[in-house]
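Report on the following structure.
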Amino acid sequence: MDLSGKTAIVTGGASGIGLAVAKALHARGARIAIADLNATAASDAGKALGGVGEAVNVGDEAALVRFINKVERTLGPVDVYISNAGLGVTDGPGWGAGDAPNAAWNLCWQVNVMGSVFAARHLARKIAARQGHFVITASAAGLLAQIGDAPYSATKAAAVSFAECLAITHGDEGLNVHCLCPEGVRTPLVEGIEGGAQGLGGYLEAEEVAQILLKAMEDRRFLVMTHENTPGYVATKGQDRDRWVGGMRKLRRMLIEKLGRPM
Ligand SMILES: NC(=O)c1ccc[n+]([C@@H]2O[C@H](COP(=O)([O-])OP(=O)(O)OC[C@H]3O[C@@H](n4cnc5c(N)ncnc54)[C@H](O)[C@@H]3O)[C@@H](O)[C@H]2O)c1
């Protein structure tokens with residue numbers, strides 16, 4: 001895929017998957033703009049890739065729009081938007097599915113869902129007119145579930161649904177939408193929780209995920225699953241939801257026994 005002269009915004013682009021995707025897009029000629037909570041890392045990554053990087057909270061619509069406007073003025077119209085900033089919280093310390101505090105639920109909702117909604121509100125039609133790409137990094141947790149993190153699971157499921165809405169609504173206008181759904185990827189996000197369900201299919205490197213995503217963008221594929229077993233799990237869930245819930249309960253029991261702690 002030749003992206004020479006195209007402008008790409010990558011949120012959460014100062015680390016992990018976002019940084020790897022920014023590097024891969026840059027290697028194909030794109031001008032890179034990085035938005036990340038981490039000001040120094042965003043600026044360093046932007047400069048290293050010959051573009052720009054700034055502190056932006058994607059859950060703050062006004063701040064995100066200011067950044068988008070600035071990128072349009074300085075680098076040109078946006079052709080590729082990678083809505084990748086995201087975070088998880090866990091259900092601890094109570095470990096009930098509704099136990100995470102409201103602040104944690106709200107944070108996941110603002111970043112994992114509204115971050116993409118705000119960007120789409122301001123850019124979906126413009127990118128569609130340029131036959132560009134809008135990527136939402138959801139997660140396999142959005143297709144299945146992340147045991148022990150209900151806010152992450154529920155908001156990533158909403159992120160998958162919003163990606164579907166974007167593709168259905170704006171696909172005919174020319175928008176190429178991609179929903180990236182990895183299981184475990186070796187990034188700072190999973191440090192300390194490596195033994196969790198997300199690691200059962202093995203960990204990929206962020207660079208591998210970036211290459212899989214770019215191939216899917218080239219092929220104009222909507223759903224981008226990166227791990228071998230994800231499609232099978234998704235099919236099982238689609239065929240028999242009760243059997244799938246039973247399987248997940250069993251998996252939870254196994255993980256609690258293996259890790260020797262609640263989840
Ligand atoms: N690592 C995995 O196993 C995995 C698996 C599936 C999906 N994901 C998703 O991939 C995306 C990237 O995660 P990662 O693994 O590279 O983690 P990471 O922690 O390395 O990177 C996430 C980046 O997002 C930034 N960020 C967080 N909140 C933000 C906000 N409000 N505004 C702007 N930037 C913000 C962080 O500063 C960080 O630089 C996330 O959406 C995550 O949910 C990760």
Side-chain angles (χ1 to χ4, degrees), residues 9-24 33-46 53-68 81-90 103-104 106-119 135-147 149 151-160 162-163 178-210 212-213 223-227 230 233:
I9 292 179
V10 185
T11 73
S15 171
I17 296 170
L19 181 57
V21 170
K23 286 179 180 168
I34 288 178
D36 198 290
L37 269 190
N38 185 332
T40 311
S43 162
D44 289 352
E54 271 185 26
V56 182
N57 174 5
V58 300
D60 175 346
E61 183 173 14
L64 185 61
V65 172
R66 271 197 304 277
F67 180 73
I68 290 170
Y81 192 90
I82 313 283
S83 182
N84 167 82
L87 80 169
V89 287
T90 87
N106 288 337
L107 181 63
C108 284
W109 189 255
Q110 281 307 115
V111 181
N112 295 346
V113 185
M114 297 312 291
S116 295
V117 175
F118 296 148
V135 174
I136 292 181
T137 305
S139 169
L143 301 170
L144 302 161
Q146 171 69 359
I147 295 169
D149 198 335
Y152 188 73
S153 303
T155 56
K156 288 295 186 176
V160 171
F162 183 65
H178 313 276
C179 183
L180 177 61
C181 292
E183 293 182 37
V185 185
R186 211 177 302 283
T187 72
L189 189 85
V190 296
E191 273 166 21
I193 59 158
E194 289 88 347
Q198 81 286 340
L200 292 172
Y203 285 94
L204 292 180
E205 299 302 328
E207 291 72 21
E208 295 176 270
V209 171
I212 293 168
L213 173 64
L223 185 56
V224 188
M225 293 183 280
T226 56
H227 287 62
T230 316
Y233 298 145

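We count ligands from 1, going down the list as the structure has it; atoms in each ligand are counted the same way. For reference, positions follow the sequence shown, starting with 1.
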Under 3.5 Å, side chain of [X] to main-chain N/O of [Y], donor-acceptor pair present?
X      : Y      : answer
His227 : Gly184 : yes
Glu191 : Leu189 : no
Asp149 : Gly88  : no
Ser43  : Ala39  : no
Tyr233 : Leu143 : no
Ser153 : Ala141 : no

Do any nitrogen or oxygen atoms of [X] lie less than 3.5 angstrom from nitrogen or oxygen atoms of ligand 1?
X      : result
Val185 : yes
Ile17  : yes
Asn84  : yes
Leu37  : yes

How far is [atom] from its nearest protein heavy atom, and which residue and atom is that?
atom                    : value
atom 18 (P) of ligand 1 : Ser15 OG, 3.6 Å
atom 43 (O) of ligand 1 : Tyr152 OH, 2.6 Å
atom 35 (C) of ligand 1 : Ala85 CB, 3.6 Å
atom 19 (O) of ligand 1 : Leu189 N, 3.7 Å
atom 14 (P) of ligand 1 : Thr187 OG1, 3.5 Å
atom 6 (C) of ligand 1  : Pro182 O, 3.2 Å
atom 38 (C) of ligand 1 : Asp36 OD2, 3.6 Å
atom 9 (C) of ligand 1  : Thr137 CG2, 3.7 Å

Close-contact set for ligand 1 against Pro188 heavy atoms, below 4.0 Å: 20 (O)
Per-atom contacts of ligand 1 with Gly184, taking only distances under 4.0 Å to non-hydrogen atoms: 3 (O)
Exercise: identify the closest heavy-atom pair between [X] and [Y]:
X      : Y      : value
Ile34  : Gly46  : CD1-N, 4.0 Å
Ala158 : Trp109 : CB-CZ3, 3.8 Å
Thr187 : Ala206 : CG2-CB, 4.5 Å
Gly86  : Val111 : CA-CG1, 3.9 Å
Asn112 : Ala159 : O-CB, 3.6 Å
Tyr152 : Leu87  : CD1-O, 3.2 Å

If hydrogens are left out, which of [options] has an atom nearest to [atom], that is, the closest non-hydrogen atom?
atom                    : options                      : value
atom 33 (C) of ligand 1 : Thr11, Thr155, Asn57, Val56  : Val56
atom 24 (O) of ligand 1 : Gly12, Ala45, Gly16          : Gly12
atom 5 (C) of ligand 1  : Glu183, Gln198, Gln146       : Glu183
atom 22 (C) of ligand 1 : Ala55, Gly18, Gly86          : Gly86
atom 7 (C) of ligand 1  : Cys181, Gly88, Ala138        : Ala138
atom 32 (N) of ligand 1 : Ile34, Val209, Val111, Val58 : Val58

Ligand 1 contact by Lys156, heavy-atom criterion under 4.0 angstrom: yes
Any Tyr203 heavy atom less than 4.0 Å from ligand 1: no
Candidates Glu183, Gln198, Lys156 - the one meeting side chain to side chain contact (heavy atoms under 4.5 Å, CB included) with Ser139: Lys156
Contact partition for Val190 relative to ligand 1, non-hydrogen atoms under 4.0 Å: side chain
Point-to-point distance, once rounded to the nearest 0.5 Å, from CG of Asp36 to CG of Leu19: 9.5 Å
